Participant: 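Can you keep this structure in mind? I'll have questions shortly.
Keep in mind that this is a model prediction, so the values were computed, not measured.
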Amino acid sequence: MLGIHLSWVFMGPVYPWPAIGMANNDNKMGTSSQAASDAARERIFHELLQQATEQWLGQLSALLKHSDDLFFDLSNRANSNTEQNCYFEAMRETREKSDAIIARFRKSLAAILAQAQSVDSKTDHGNTKSSSTTRTLELLQPEELEQNVAIAGIVSKCRGIHGVRLNATGYRLGWLVHQPLTERNNPLDPQQLCHAFTQALQAAKLHIKARLVLFKQFDQYLVQPLPALLDQLDARLDALGYVPTPPPAQEPSKASSEAAKPHDMHARDFEDLSSLLSQLRTLGVSIPSAPRLGHLNHGPAIDSQELMENITRLQSLYTHKQQGGAKEIRAVVQHILSQRNRSGHPASLAPLDEDVINLVALFFDFVLDDNTLPTCIKLLISRLQLQTLKAALANPSFFDDPQHPARYFIESLAAAGMGCSDDNMEDALLQSLQQSVQTILDDTRHPEEAFTRQCERIRGILQHEQRKATLIEKRTRDAASGQARARHARQQVQTHLYQALRDRYLPESVSNFLCTTWRDVMFQVLLKFGDSSLEWDESILVINELLDISTQVRKAGSETIIRESIPAVLGHISNLGKKAATPTATSSPTFLKLEATCQQWLKGEGTQALMVPLSPLHVEALGQSLANTIGSWDEEIAIEREEKKYASLSFDAIRLADALQPGTWVYRTNPLQLDQGQRCKLAAKIEETDTFIFVDANGFRLFELARRSVAYELQRGRMKPLASGPLFERAFDSISSQIGKLTDEITSTH
């Protein structure tokens with residue numbers, strides 16, 4: 001969504017800016033003069049939008065011309081007959097229906113332009129929004145869902161980058177027609193362009209794969225060049241004297257923004273949190289999970305230093321426990337107050353100390369309930385309750401300072417433990433963390449100094465582990481990317497060769513060479529130089545030349561052509577073999593047999609050699625099989641099963657999968673054992689294969705999933721992103737929200 005809110009409001013058809021050639025004669029203007037001014041403005045509005053329309057139509061025409069070659073190239077790279085037919089049909093449809101697509105696009109743009117000028121456009125768009133909202137509640141078909149995801153991505157990206165420019169130019173254009181132009185009726189907005197393109201594509205029958213390809217091209221040809229068009233329109237307006245500019249977006253005042261914030265705002269500093277607790281004390285209530293410890297007794301407030309000494313004295317009862325309890329802090333404080341009561345010298349807690357105790361206790365409650373952390377790390381952090389409490393009592397800046405040693409140490413534990421497993425308690429990193437925690441617990445007299453010393457130790461450990469994991473993860477990512485590129489290149493080579501040879505009868509020496517040696521040379525050429533290189537074109541030329549020579553040898557009078565062609569093709573083979581670093585290309589047995597056949601042809605011999613179709617071995621070498629070429633029953637059933645599996649995918653699930661960024665931790669449930677799962681991190685998104693690579697905490701590859709499979713698992717709840725962000729930030733947000741809601745409930749009942 002566009003992160004800009006316009007602070008201006010159109011109040012009516014009267015605008016304060018001067019029109020072309022009009023002087024402000026004390027605001028005295030006749031009716032005819034006003035009508036002439038309005039007509040001049042509308043004429044300029046039409047001219048500007050017509051300029052934009054013609055530019056878009058030219059860009060669309062270029063897009064359709066380019067798509068012809070693009071679909072042909074995609075069909076050559078297709079992995080199956082079905083996919084190949086899909087792109088061939090798309091190539092034919094866009095070629096035959098290009099005029100109809102352009103005509104419908106022009107018509108849709110005209111409708112959008114008319115809507116922008118309509119006085120009732122605001123109402124109409126409101127109805128559109130209502131119907132759109134209703135539509136989003138319906139179960140979308142998978143194809144429509146995929147298309148909506150593509151459109152939403154194009155629109156959000158454009159608005160996010162160029163939103164301010166779009167609003168500013170739309171503001172100036174709206175002034176011309178006395179009509180506010182917003183995202184919903186601005187003809188320049190990417191949403192309007194995508195809608196027009198969607199309507200235009202209805203002129204052709206296209207598979208969803210082909211439509212998605214066209215939407216990517218649409219983004220490149222029409223949406224991404226929008227800033228240049230906006231520059232042209234603004235320059236034209238400036239030259240004509242139409243110079244109103246939108247007022248700068250004003251930041252809301254601090255007072256108003258604070259008043260607008262609910263209680264679950266991000267109140268993180270101690271003063272705000274303490275204030276919320278003070279409100280509860282005033283109302284005479286307590287948080288259910290945090291009893292009002294200070295009012296257990298009615299004596300004078302216990303001195304803070306005495307309180308800390310008592311905590312230290314009782315701490316030995318807890319420090320040697322292997323895991324801390326959820327109520328450890330409250331149990332210790334209640335024990336101290338109860339002892340004072342039994343001794344005949346009752347004491348209470350000072351409000352400040354009570355707030356510190358309750359907030360620290362609530363923090364550890366949050367930690368133990370946080371599903372983001374593995375249980376072993378939660379228990380390890382919870383063992384630090386009393387040491388953390390003493391550090392906070394000694395220095396309340398603990399709540400405000402993210403670099404406080406206690407906070408830094410606990411945050412480091414949480415970050416290091418994201419990839420830890422409860423099933424592997426012998427993990428070296430986990431044991432090192434346990435050692436640091438125990439060292440802090442042993443120093444009961446100087447908790448803050450203990451935290452400081454261990455911060456240095458854990459910082460070194462984590463930096464070492466992170467460097468090692470980053471290196472392994474990079475290797476994993478590079479390997480996965482390389483494998484994907486190699487897989488894609490191999491499929492592209494095999495498909496191209498199969499398409500060229502499948503219906504041809506050739507000498508066996510030619511087929512053997514092309515299906516083995518030359519296949520490998522083309523593979524290396526594609527990886528090294530790419531499919532837009534002269535080397536790739538030369539590798540294809542070798543295929544065409546060998547096919548042509550194989551045909552010419554059986555024709556009378558073709559001796560001259562053969563004598564000229566054979567040295568040339570052998571030269572191309574030798575040249576490309578060297579460039580592709582495959583020296584065996586000209587020393588392999590298949591090449592030697594091909595060369596012998598060529599020498600026979602040069603001598604006029606072997607012209608009656610047996611011509612045979614591709615053998616099963618050749619077909620298999622090109623990544624095909626007889627079952628694949630005719631479409632086996634098992635394959636069709638598997639495809640149908642996959643399509644049914646993904647048919648229920650929702651828009652939100654696909655968007656959530658697309659929103660996952662490399663570095664995000666997720667928890668994946670074992671589909672066979674729902675009570676078990678694993679923590680893993682998204683290491684990379686491989687664009688060539690549209691797959692996601694997941695690794696463990698050490699950076700080693702765990703598994704690879706297709707994008708739609710990730711969306712499916714997210715939708716089914718078998719994969720859940722783990723909350724990101726500092727632990728204390730999330731905890732204090734939760735605490736302030738909890739206290740605020742309770743305060744609201746109490747005040748509303750009174």
Participant: One pair to check against side-chain contact (heavy atoms from CB on, under 4.5 Å): Leu113 and Phe45. What are the steps and the verdict?
Facilitator: CA-CA 10 Å; Leu113 177 59; Phe45 180 83; 3.3 Å; yes
Participant: Look only at the side chain of Ser61 and the backbone of Leu57, and say whether a donor-acceptor pair between them is shorter than 3.5 Å.
Facilitator: no
Participant: Tell me the closest heavy-atom pair linking Leu188 and Ala52, and the distance in Å.
Facilitator: CD2-CB, 4.5 Å
Participant: Give the intermediate values and the outcome of side-chain contact (heavy atoms from CB on, under 4.5 Å) for residues Leu214 and Leu63.
Facilitator: CA-CA 8 Å; Leu214 288 177; Leu63 182 158; 4.0 Å; yes
Participant: Determine whether Met719 and Phe694 satisfy the following criterion, side-chain contact (heavy atoms from CB on, under 4.5 Å), listing intermediate values before the conclusion.
Facilitator: CA-CA 12 Å; Met719 181 180 287; Phe694 292 89; 4.1 Å; yes
Participant: Looking at Arg716 and Glu713, does any basic side-chain N land under 4.0 Å from a carboxylate oxygen?
Facilitator: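 No salt bridge links Arg716 with Glu713.
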Participant: Are Gln499 and Thr495 packed together at the side-chain level, in the sense that at least one heavy-atom pair is separated by less than 4.5 angstrom?
Facilitator: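 Contact flag for Gln499/Thr495 side chains = yes.
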Participant: State the CZ-CG distance between Phe88 and Leu74, to the nearest 0.5 angstrom.
Facilitator: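 Between atom CZ of Phe88 and atom CG of Leu74 there are 11.0 Å.
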Participant: Does a side-chain heavy-atom distance below 4.5 Å link Gln494 with Leu497?
Facilitator: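 Counting from C-beta outward, Gln494 and Leu497 never come under 4.5 Å.
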Participant: Can you tell me how far CD of Gln147 sits from CZ of Arg211, rounded to the nearest 0.5 angstrom?
Facilitator: 4.5 Å
Participant: In terms of relative ring orientation, are Tyr87 and Phe71 parallel, tilted or perpendicular, with 30° and 60° separating the classes?
Facilitator: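 Ring orientation of Tyr87 relative to Phe71: parallel.
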Participant: Side-chain contact test, heavy atoms from C-beta onward, threshold under 4.5 Å: evaluate it for Leu547 versus Arg504 and give yes or no.
Facilitator: yes
Participant: Gln192 side chain to Pro187 main-chain N or O, any donor-acceptor pair under 3.5 Å?
Facilitator: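 No; judged by distance alone, with no hydrogens or angles, the pair does not exist.
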Participant: I'd like to know if the side chain of Lys107 and the backbone of Gln199 have a donor-acceptor N/O pair within less than 3.5 Å.
Facilitator: no
Participant: Would a distance-only check, ignoring hydrogens and angles, find a side-chain to backbone donor-acceptor pair under 3.5 Å from Ser67 to Leu64?
Facilitator: yes
Participant: Judged by atom type as modelled, is there a donor-acceptor pair below 3.5 Å linking the side chain of Thr198 to the main-chain atoms of Cys194?
Facilitator: yes
Participant: Considering all heavy atoms of both residues, which atom of Pro721 and which atom of Val666 are nearest to each other, and what is their separation?
Facilitator: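 Between these two residues, the closest heavy atoms are CA-CG1, 3.9 Å.
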Participant: So do Asn186 and Asn167 actually touch side chain to side chain, heavy atoms under 4.5 Å?
Facilitator: no
Participant: Nearest 0.5 angstrom please: Thr691 OG1 to Gln483 CD, how far?
Facilitator: 10.0 Å
Participant: Over all heavy atoms of both residues, which pair between Ala210 and Cys86 is shortest? Give the atoms and the distance, please.
Facilitator: N-SG, 4.5 Å
Participant: How many angstroms lie between atom CZ of Arg477 and atom CD1 of Ile693, to the nearest 0.5 angstrom?
Facilitator: 11.0 Å
Participant: Would you name the heavy atoms of Pro190 and Leu166 that are closest together and state the gap between them?
Facilitator: CD-CD1, 3.7 Å
Participant: Check step by step if side-chain hydrogen bond (donor to acceptor under 3.5 Å, both in side chains) holds for Glu54 and Gln50.
Facilitator: CA-CA 6 Å; Glu54 293 304 322; Gln50 187 61 33; 2.7 Å; yes
Participant: Between Arg159 and Asp189, does the side-chain contact (heavy atoms from CB on, under 4.5 Å) criterion hold? Intermediate values first, please.
Facilitator: CA-CA 8 Å; Arg159 286 177 176 172; Asp189 190 80; 2.7 Å; yes
Participant: Is any side-chain N of the basic residue among Lys528 and Glu535 closer than 4.0 Å to the acidic one's carboxylate O?
Facilitator: no
Participant: Say you draw a straight line from CG of Leu722 to NZ of Lys681; how long is it, rounded to the nearest 0.5 Å?
Facilitator: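 The NZ atom of Lys681 is 12.5 Å from CG of Leu722, to the nearest 0.5 Å.
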Participant: Between Pro225 and Gln59, which heavy-atom pair has the shortest distance, and what is it?
Facilitator: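 Reported closest heavy-atom pair: CB-NE2, 3.9 Å.
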Participant: Any heavy-atom pair between the side chains of Leu193 and Leu109 that's under 4.5 Å?
Facilitator: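 A side-chain contact exists here, since the closest heavy-atom pair is under 4.5 Å.
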Participant: Does the side chain of Ile543 come within less than 4.5 Å of Met522's, by heavy atoms?
Facilitator: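 Yes. Closest side-chain heavy atoms under 4.5 Å.
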Participant: Got Leu229 and Thr169 here, is their nearest side-chain heavy-atom distance under 4.5 Å?
Facilitator: no
Participant: Nearest 0.5 angstrom please: Ser539 OG to His572 NE2, how far?
Facilitator: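 Separation between the atoms: 11.0 Å.
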Participant: Taking the side chain as every heavy atom from C-beta outward, state whether Gln661 and Leu682 have any atom pair closer than 4.5 Å.
Facilitator: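 Side chain of Gln661 against side chain of Leu682, heavy atoms only: no contact under 4.5 Å found.
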Participant: Indicate the atoms forming the closest heavy-atom contact of Gln191 with Ile151, along with that distance.
Facilitator: NE2-CG2, 4.2 Å
Participant: For Met91, is there any backbone N or O sitting under 3.5 Å from a side-chain donor or acceptor partner on Thr94?
Facilitator: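 Yes, because the side chain of Thr94 sits within donor-acceptor range (under 3.5 Å) of the backbone of Met91.
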Participant: Decide, yes or no, whether a salt bridge links Arg707 with Asp658 under the criterion of side-chain N to carboxylate O below 4.0 Å.
Facilitator: yes
Participant: Which residue, Phe215, Trp56, Tyr221, forms the ring-ring contact (aromatic ring centres under 6.0 Å, His included) with Phe197?
Facilitator: Phe215
